Amino acid sequence: MAIRVHLPDGNELELEEGASGADMAAAIGPGLARAALAVEADGELRDLTAPVRDGASVAVLTAKSDGALALIRHDAAHVLAAAVMELYPDVKISIGPAIDNGFYYDFEFPEGVSISDADFPAIEERMRAHVKAAEPFVREDLPVTLARERFAAAGQDYKVELIDDLVAKEGVETVSLYTNGPFTDLCRGPHAPSTATVKAFALQSVAGSYWRGDSNRTMLTRIYGTAFFSKDELAAYLERLELARQRDHRRIGRELGLFHFSELAVGSAFWTPHGTTLWNTLRDLMSELTAARGYTEVKTPQLYDAELWRISGHWDKYQGNMFVTSDEERPLGLKPMNCPGHCLLYAMARHSYRDLPVRFAEPGLLHRNEPSGTLHGLLRVRHFVTDDGHIFCTEEQIESEVAGFLEFAAEVYALFGLETRVELSTRPDVRIGDDALWDRAEAVLAAALDATGTAYALNPGDGAFYGPKIDMHMRDSLGRSWQLGTIQLDYNFPERFELTYTGADNAEHRPAMLHRAILGSLERFLGILIEHLGGVLPVWLAPVQAIVLPISDRLNAAGEEAASKLRSAGARVELDHRSESVARKIRDAELRKIPYMLVLGDREEADGTLSLREHGGADRGAIAIDALAAELAELTLTRAR
RNA sequence: GCCGGAGUAGCUCAGCUGGUAGAGCAAUCGCCUUGUAAGCGAUAGGUCAGGGGUUCGAGUCCCCUCUCCGGCUCCA
């Protein structure tokens, strides 16, 4: 009896019944048999030892295949756990998956034992021994009762909990165990044939992580690592990581003198004069663009009676994140969001359907009492300004308003050369408003996304407490994802604040409300932007657009004259009048990433020109000062990149 | 907030097993007068995060607090 399988090249292959993936690879060729790691059958990865199903579409997974890295990283996680269990026999194991750039394994170490990267060499040495031994990964399928007994007997409580959950939630009757050398783990698989493939690995960091991501449960110790098929690839990856670290906005912010932090104002940036110029340029950009899009700018208070926060729901749902104070008789809250203030402002005047949509924009200063452990440079702060806006509109206008926003956001991100990842986040556990409202709100957002052809991922349960949202995310230099823009549909606030407009029927109606921001917080956006650009800001954003470099002290007066001509044309220009060599002045200007370096020597002075060197080294030769002024003005006006 | 690590001059860091702090860059002053990525010299700069303890003696050992870093939870 023979079975037939379909190969990726369209051919069919005949195999004996019961043939394994390894048999299949061997039937195709000896080279493939040696390279084979696993088999993909009808889209599902399986061990090489597993029998091949008749009629399946199969592909042999090798080091070159997509998914092969994830496979050996998962193998590496088992090798890590094996090594850790040898060194710390009383350790409890939990889970150890492959992740984007590597793998981790979470352990509970015995009381009093803590792991740091100083322990990595010993662990890695044990890991190398397991790899060198080329221990086969052996799969075993066991009835859940037997598997449970086995892990219970070994004191592996986390594995027992996992098995109990598999039974309760998925009704499984058997589970699979994988053994490599002395180590056995509850694992779905698949794995490569042996540990030998995990040749190039490195442990990277140790961190805490809650069991099952629940902050009420045990804090486990997570060890992160990565693995590649070759030492060269591993070295190249580690080198890339190091280069990314050089782009860290906290480092660049210090080097370029843009902002500082102080332990006397935790989570709040101090912007230097240069940093403030950059920040203001960004704020002015958004004021200009929102005005062009039909928003009107408004200003609302910082500090409100607690009553406002009770109406909005913040007092119940968000107070932990608010800075609360009081006057002589009343509790007060510093605003963490602009929306309640905007609702009050909307309600202070009557609105006709003819006026809608009303679009309020406010570069609003917000304070949020973020947990200390989450603060991170400019990317997570307690004091920040959002390019916030709220749109009050009719039900019929929602879709076009959301579509208009998606367009607007795309325009802004394009100015900076950023590409974002879009997510639709739906109702969270902690929320206000009934489910019917949420159903409607989620459906409208999805419709607007579809109508504009925006690609997005679904992020269930991550909406704001008052409504679902569409978020735009960017990654920082270390690969962490941060939310920038957002648009959130909210039927709840209009109810709570009893907002109305007069319809064509002369009756009062409830408007819908959209909360939206494109940059998110200016602070976070600048952090991400600095990392994206590696600190090399385009002319229109650069705090110092050009610096005049006289080649000798005797030209300092001419330098001042040239600089002031450029300044009166609107350019942000400095003069380097130090008694230093041109080479030195160039070097310092390069390190400050100043776009235009303008060398002034005797020839230039005589001709009324400056010799232009752009950041990065391009030498454009002598250019008339008027022409330079015009060029800088043009680059600033057009926001050229 | 939780787990782990770290905190020495403005910045980057050295300071072995305890014997009262050092370099480079930056800064200041002077000399040099410079043509596209570091000219030379001198000077100044530190309650070694803060507090408590052990010790004849603490940057170094112990405890507490603060902040920062990496994660986790949370979030723009």
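Given the structure is predicted, the values throughout are model-derived calculations rather than measurements. A note on names: the letters A, B, ... follow the listed sequences, proteins ahead of strands, and every chain is numbered from 1. Just so it is clear, the values below take in all heavy atoms, side chains as well, and ignore hydrogens, waters and symmetry mates.
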### Task
Give a yes or no answer on whether the side chain of A:Ser611 reaches the backbone of A:Val599 with a donor-acceptor pair at less than 3.5 Å.
no
### Query
What distance, rounded to whole Å, do you find between the two P atoms, one in B:C25 and one in B:G39?
11 Å
### Task
For nucleotides B:A9 and B:U65, find the distance between their C1' atoms and express it as a whole number of Å.
25 Å
### Given RNA chain B, 5'-ward residue of the pair A:Leu378 and A:Val266, judged by closest heavy atom
A:Val266
### Task
Describe the nucleic acid contact of A:Tyr224 in one word from base, sugar-phosphate, nothing, applying a heavy-atom distance below 4.0 Å.
sugar-phosphate
### Query
What's the CH2-C1' distance between A:Trp279 and B:A76, to the nearest Å?
14 Å
### Task
May I ask you to say what A:Leu484 touches in the nucleic acid, namely base, sugar-phosphate or nothing, with a heavy-atom cut-off under 4.0 Å?
sugar-phosphate
### Message
With a 3.5 Å limit on both atom pairs, tell me what B:G22 is paired to, counting Watson-Crick and G-U wobble, or say none.
### Response
B:C13
### Message
For A:Ser94 and A:Lys159, which I'm curious about, is there any donor-acceptor pair between the side chains at under 3.5 Å?
### Response
no
### Task
Counting Watson-Crick and G-U wobble pairs only, both distances under 3.5 Å, name the nucleotide matched with B:A44, or none.
none
### Query
Of all the choices, B:U33, B:G5, B:G35, which nucleotide is nearest to the side chain of A:Ser116 once you look at every atom?
B:G5
### Query
Does B:C2 have a Watson-Crick or wobble partner in any strand here, with both distances under 3.5 angstrom, and which is it?
B:G71
### Message
Can you work out whether A:Leu591 or A:Ser481 has the more 5'-proximal nearest nucleotide on RNA chain B?
### Response
A:Leu591
### Message
For the P atoms, the ones on B:C16 and on B:C62, what distance do you get once it is rounded to whole angstrom?
### Response
15 Å
#### Entry: Counter-base of B:C66, judged by Watson-Crick or G-U geometry with both distances under 3.5 Å
B:G7
### Summary
Paired to B:G39 by Watson-Crick or G-U wobble criteria (both distances under 3.5 Å) is B:C31
### Task
Provide the distance between the two C1' atoms, one in B:C48 and one in B:U73, to the nearest whole Å.
35 Å
### Query
Donor-acceptor pair, A:Arg73 side chain versus A:Ala98 backbone, under 3.5 Å?
no
### Message
Quiz question: by atom type and distance under 3.5 Å, do the side chains of A:Glu531 and A:His249 form a donor-acceptor pair?
### Response
yes
### Query
In Watson-Crick or G-U wobble terms, both distances under 3.5 Å, what is the partner of B:A58?
none
### Task
Taking atom C1' in both B:G24 and B:A76, compute the distance separating them and give it to the nearest angstrom.
40 Å
### Task
Would you mind telling me which of B:G70, B:C75, B:U34 lies closest to the side-chain atoms of A:Val582?
B:U34
### Task
Report the nucleotide, chosen from B:U36, B:C32, B:G71, that has the shortest atom-to-atom distance to any side-chain atom of A:Met219.
B:G71
### Task
Considering only atom C1', compute the distance from B:G15 to B:G46 and round it to an integer number of Å.
14 Å
### Query
Between A:His274 and A:Glu574, do the side chains contain an N or O donor and an N or O acceptor separated by less than 3.5 Å?
yes
